[in-house]
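What's counted below: heavy atoms across the whole structure, side chains too, no hydrogens, waters or symmetry copies. Proteins get letters first, then strands, A, B, ... in listed order; numbering begins at 1 in each.
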There are 2 protein chains.
Amino acid sequence: MHRDTRQRRAIRRALEEAGHPLSPQELLDLAQEEVRTLGIATVYRNIRALQDDGWLETVELPGEPPRYEVAGKGHHHHFHCRDCDRVFEVEGCPGNIQAITPDGFKLERHEFVLYGLCDTCTPS
Amino acid sequence: MHRDTRQRRAIRRALEEAGHPLSPQELLDLAQEEVRTLGIATVYRNIRALQDDGWLETVELPGEPPRYEVAGKGHHHHFHCRDCDRVFEVEGCPGNIQAITPDGFKLERHEFVLYGLCDTCTPS
DNA sequence: GGGTTCTTGATTATCTTTTCCCAAGAAGGC
DNA sequence: GCCTTCTTGGGAAAAGATAATCAAGAACCC
């Protein structure tokens, strides 16, 4: 059903090579290195198509428009650098989440977001 | 400088009585119980005014427009009920956050969001 | 109580993100 | 290579949240 176009290949490649969640605009910028004429509408269309295929997952951070990352990575969280505005993956998970859940509440999932400076932006 | 109007009193009261973060629309609905003619523009204006006064703090959750809560509550997190869409405060904090921060990254703050059903929405 | 200045309410405008529209172009099957 | 169908690009438009405008109304000071 879905055709294999230059644009879609460029979009997938950009997401794979980035290795961290990208905003639609970031995705456009990166994929345009491969396909100069790529338009933002095509990026949005392919984000939806790749989501429908289960290839792409949405990463929502507080106060930010959505970013997207390759699906199937297993449980992880994110680190948002306040200087370069990029989002990185964080392995692991702080324990004992059920312990702080209020009585009578049913905990189904959780998100954890770290903020600060990434290794590139930290003054040494 | 700021005057003590019926509208501002109603807005402050709604936030204090709710005891959890409110969206501008929720705030409008609640404050309108006291001042029927209250308009949404006044809500937004007073949110800004109360923020400037340091009386109000912004609560940002992933993929959601901002909510607001009374400032000065000390460190806490939030629980978002997927059924009633309300946001509750969560005391405490899972430990060992520094441990999962990647090497070379400087951790400055963190947010933690729980999802599920609140006590009212949990089937007993 | 009067006057100045701030605030309000309603509407309109703005901003940002995302989607729609449609003619032109490209993929894939045969 | 041809034909059908899907995809693209670009501009226009939708959608949602927030801010600006301005005349009318309310607070506060004296």
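Rounded to an integer number of Å, the gap from Arg8(B) CZ to dC28(D) P is 10 Å. Distance, Glu60(B) CD to dA17(D) P: 13 Å, rounded to whole Å.
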query: For nucleotides 25-30 of chain C, read 5' to 3', which letter fits each nucleotide if B means a protein heavy atom sits under 4.0 Å from the base, S means only the sugar-phosphate is that close, and - means neither?
result: -BBS--
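Within the 3.5 Å criterion, the main-chain N or O of Gly74(B) finds a donor-acceptor partner in the side chain of His76(B).
For the helix from dG1(C)-dC30(D) to dC30(C)-dG1(D), the terminal axes (five pairs an end, C1' atoms, rotation from four pairs onto the next four) enclose an angle of 40°, given to 10 degrees.
Across the interface with DNA chain D, nearest-nucleotide mapping of Leu38(A) and Pro65(B) shows Leu38(A) to be the residue nearer the 5′ end.
Near DNA chain D, defined here as any heavy-atom distance below 4.0 Å, the residues from residues 40-51 of chain A are Ala41(A), Thr42(A), Arg45(A), Asn46(A), listed numerically. Contacts of residues 21-33 of chain A with DNA chain C (heavy atom under 4.0 Å): Pro24(A).
Residue Lys106(B) is tested with Asp83(A), Asp119(A), Thr122(A) for a side chain to side chain contact (heavy atoms under 4.5 Å, CB included); the sole match is Thr122(A).
Scanning all heavy atoms of the two residues, the minimum distance from Thr42(B) to Leu38(B) falls at CG2-CD1, 3.7 Å. When every heavy atom of Glu60(B) is checked against every heavy atom of Gly63(A), the shortest pair comes out as OE1-CA, 3.3 Å. Among all heavy-atom pairs drawn from Glu57(B) and Gly72(B), the shortest one is OE2-N, 3.7 Å. Contact detail for Lys73(B) and Val70(B): the closest heavy-atom pair is CG-O, 3.5 Å. Heavy-atom minimum distance, Gly54(A) versus Ala71(A): O-CB, 3.3 Å.
Using a 4.0 Å cut-off, no side-chain N or O of Gln7(B) falls inside it from OP1 or OP2 of dA26(D).
No side-chain donor from either of Arg8(A) and Thr5(A) sits under 3.5 Å from a side-chain acceptor of the other.
Ring-plane geometry between Phe88(B) and Phe79(B) is classed as perpendicular, the angle between the planes exceeding 60 degrees on a 0 to 90 degree scale with a lower cut at 30.
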Donor-acceptor list for residues 13-21 of chain B side chains, cut-off 3.5 Å, not counting sequence neighbours:
unit_1, atom_1, unit_2, atom_2, d
Arg13(B), NH2, Glu34(B), OE2, 3.3
His20(B), ND1, Val87(B), O, 3.1

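Counting heavy atoms from C-beta outward, Gln7(B) and Val43(B) have side chains that stay 4.5 Å or more apart.
Every residue meeting the side chain to side chain contact (heavy atoms under 4.5 Å, CB included) condition with Gln51(A), not counting sequence neighbours, appears here in chain and number order: Ile47(A), Arg48(A), Leu56(A), Thr58(A), Tyr68(A).
Taken from CD1 in Ile97(B) to CZ in Arg109(B), the straight-line distance is 12.5 Å, to the nearest 0.5 Å.
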